[in-house]
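What you see below is based on every heavy atom in this structure, not just the backbone, and it leaves out hydrogens, waters and symmetry mates. Order of the sequence lines sets the chain letters (A, B, ...), proteins ahead of strands, with each chain counted from 1. Because the structure is a prediction, the values reported are computed rather than measured.
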2 protein chains.
Amino acid sequence: MPRSPAKTPRKSARRPLFEPLEQQPAYGRVAAAIEQKILARSLRPGDPLPSETELARQFAVNRSTVREAVRRLESAGLVGRAAGSKRLRVTRPGHAATASSMSRALTLDDVTFIDLWEAMLAIAPRTAALAAAHARPENLERLALCIQTVETARGSEAAVAGVVDFFGSLAATSSNRVLILAMQPVTRLLAPSLRRMIDRVPQGRSRIVVAQRCIVEALRKGDANEAQSWMTRHVQDFRRGYEIAGISLDTRAGDA
Amino acid sequence: MPRSPAKTPRKSARRPLFEPLEQQPAYGRVAAAIEQKILARSLRPGDPLPSETELARQFAVNRSTVREAVRRLESAGLVGRAAGSKRLRVTRPGHAATASSMSRALTLDDVTFIDLWEAMLAIAPRTAALAAAHARPENLERLALCIQTVETARGSEAAVAGVVDFFGSLAATSSNRVLILAMQPVTRLLAPSLRRMIDRVPQGRSRIVVAQRCIVEALRKGDANEAQSWMTRHVQDFRRGYEIAGISLDTRAGDA
DNA sequence: ATCATCCGATTGTCGGACAATATACTGGAC
DNA sequence: GTCCAGTATATTGTCCGACAATCGGATGAT
């Protein structure tokens, strides 16, 4: 901190009389204004936004300016439009949007497999334990479906999608919003390497299926401890699979 | 899941011959193209982007379209401009940006304290364990500084900032990029309630200091197990503090 | 009530314009 | 030769107007 090495010769050095008045471009201010309304829940998810022309009128700026502002919110996931619809609506940043932004950040951060694996080892077992406490029949059904996908999928791509889906569904079962959010980018980034692993290690897939079956069984019994310990073993198994497949653990998890 | 109650009358139901060809607006495709170049590291942080006019020429679209695309990337934190500069440059999405976007998502998701606390219980202990393996003198020094801040800070606000900083520094010490990223929004959202807790529970602050000292001591010894178990106790202590302070665990962690 | 049809509203994209100013260049002072 | 001031150019922020495509809703027919 190069804050005050000198002896503050003048008051103005410590605390300038005027601070640089923030001069944000108009599109930024418009975006901020709308964002604030959303954050304050004055605009709630599902609510339609006024038309661009109307917004331009209300903010007294040009429609182009409004559009630029809207693009920002759109990218932040605060607004969006239903498929094949024209009207913009307020949306809570769908987990998809946030997760992909996290994935991007991690990718650019040169995250490695070992980072991802360790994160997985941290969150997945607790997630399983929580899921055991909250599991309802439809959750179990969904998880079983995921496992079946892994087991019967012809290509490795579909199998991996099944595994990713299993973890996502497990997080959903835990009904912990933080874990749901955190799980997504990790599994997504892990997916490509997992696919390679399944391709190279013949018994990999069946080991996954067995472990996941055990986890689901523990959930059915509502046994948090067992779910947690099975999940720990499951995740550790992944690592062994990587090693057998000869995938170096400190390679970057570049997404593409 | 109303997926296949019927008996899949035709092949086309299982696997449509044609999938809906993605028809993204031009600004979306432009943004995607630039994003891909950045993700693929063909454009690296610090590199300047061509001017809007030039981009418009290259993509063969109007400048307005390019601008909308750029707003998107800007909001995603993939590009930005240095203060008082005109030229756009590629920037990796700083953790600050990503973390705040995650906080926003969680806030709008009506995340509760219990969610946050459980997430904390999942990731903090493992983070501590990893930190024990990677701790270097400067890390320990920094952590000690955080603890001192907590101990000596006059107001509760500064003390809470110290606690948040402690966890952030711990994550940094673990050098796991995923955990670093995940830790930030959780602590940030936990902060306001933590402050109330410290305000209401007199002995809260000293308990925190004691626990954190033990954790740092474990790190110094490189004892991962001890670090992990102390951290577990530390986090569980938080919960007890909340209960003593009479803060309901399932209130929303609204940010503001 | 259900469905097809039509019209207005809205979005996506384009072209051009202009003020403010950051950046690059040019020439002079040392 | 280097450094600075002053000018010229490029670039951004914002505006205006226009038009095709198409979505949403009203209208009318069955």
Side-chain angles (χ1 to χ4, degrees), chain A residues 18-35 37-38 43-91 94 97, chain B residues 18-38 43 45-91:
Chain A
F18 298 109
E19 44 194 55
L21 50 82
E22 46 151 320
Q23 195 167 358
Q24 231 185 151
Y27 59 79
R29 278 173 310 196
V30 169
I34 300 176
E35 175 177 338
K37 277 267 190 299
I38 296 177
L43 284 171
R44 283 171 316 173
D47 286 357
L49 246 56
S51 76
E52 295 174 352
T53 317
E54 178 59 18
L55 285 173
R57 204 185 56 73
Q58 291 186 20
F59 283 112
V61 297
N62 192 275
R63 186 161 79 100
S64 307
T65 304
V66 169
R67 298 194 106 239
E68 295 186 35
V70 170
R71 291 308 150 249
R72 279 203 164 181
L73 301 172
E74 205 175 87
S75 157
L78 288 172
V79 305
R81 76 191 85 235
S85 172
K86 206 164 254 197
R87 188 172 226 119
L88 272 175
R89 300 179 164 282
V90 177
T91 70
Chain B
F18 298 110
E19 44 193 57
L21 48 83
E22 43 150 324
Q23 194 167 3
Q24 233 185 146
Y27 60 78
R29 278 173 312 201
V30 169
I34 299 176
E35 175 178 337
Q36 201 189 351
K37 277 266 191 298
I38 296 177
L43 284 171
D47 286 357
L49 246 57
S51 75
E52 293 174 354
T53 316
E54 177 60 19
L55 284 173
R57 204 184 57 73
Q58 291 185 21
F59 284 112
V61 298
N62 191 277
R63 186 161 81 97
S64 308
T65 305
V66 169
R67 297 194 106 240
E68 295 186 35
V70 169
R71 292 307 150 250
R72 278 202 164 181
L73 300 172
E74 206 174 270
S75 155
L78 287 173
V79 306
R81 76 190 84 235
S85 172
K86 209 161 252 200
R87 188 171 230 119
L88 271 176
R89 299 179 165 282
V90 176
T91 68

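- Salt-bridge annotation for B/E54 and B/R57: present, with a side-chain N of the basic residue lying under 4.0 Å from a carboxylate O of the acidic one.
- Checking A/V61 against A/S85, the closest nucleotide of DNA chain D that is more toward the 5' end is the one next to A/V61.
- To the nearest 0.5 Å, the span separating OG1 on A/T65 from CD on A/E52 amounts to 11.5 Å.
- If you take CG on A/N62 and OG1 on A/T53, they are separated by 10.0 Å, rounding to the nearest 0.5 Å.
- One finds the OG atom of A/S75 at 13.0 Å from the CD atom of B/E68 (value rounded to the nearest 0.5 Å).
- Protein chain B contacts DNA chain D over a range whose 5' and 3' limits, counting nucleotides with an atom under 4.0 angstrom from a non-hydrogen atom, are D/dT11 to D/dT14.
- If you take CZ of B/R81 and P of C/dT23, they are 10 Å apart, rounded to a whole angstrom.
- Atom CG in A/L55 sits about 15 Å away from atom C1' in C/dA9, given to the nearest Å.
- As rounded to whole Å, 12 Å separates atom C1' of C/dG12 from atom CG of A/L88.
- Among B/V70, B/I34, B/I38, the one residue that satisfies the side chain to side chain contact (heavy atoms under 4.5 Å, CB included) test with B/L78 is B/I38.
- One can place CD of B/E68 at 12 Å from P of C/dT11, the figure rounded to the nearest angstrom.
- Residue A/T53 places none of its side-chain N or O atoms closer than 4.0 Å to OP1 or OP2 of C/dA9.
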Dump every N/O contact between nucleotides 16-19 of chain C and the protein below 3.5 Å, one line per pair.
residue: C/dA17; atom: N6; partner: B/R63; partner atom: NH2; Å: 3.3

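- As a whole-Å value, the separation of A/K86 NZ from C/dT13 P is 11 Å.
- Using a distance-only test at 3.5 Å, with no hydrogens or angles considered, a donor-acceptor pair links the side chain of A/T91 to the main chain of A/G77.
- Close to C/dG12, at under 4.0 Å from its OP1 or OP2, lies a side-chain N or O of B/Y27.
- Within a 6.0 Å radius of CZ in A/R87, other residues, nucleotides and ligands contribute 12 heavy atoms or fewer.
- Within 4.0 Å of A/R87, counting heavy atoms only, lies no atom of the nucleic acid at all.
- Expressed to the nearest 0.5 Å, how far CD of A/E74 lies from CZ of A/R67 amounts to 9.0 Å.
- One finds the CZ atom of B/R63 at 9.0 Å from the OG atom of B/S51 (value rounded to the nearest 0.5 Å).
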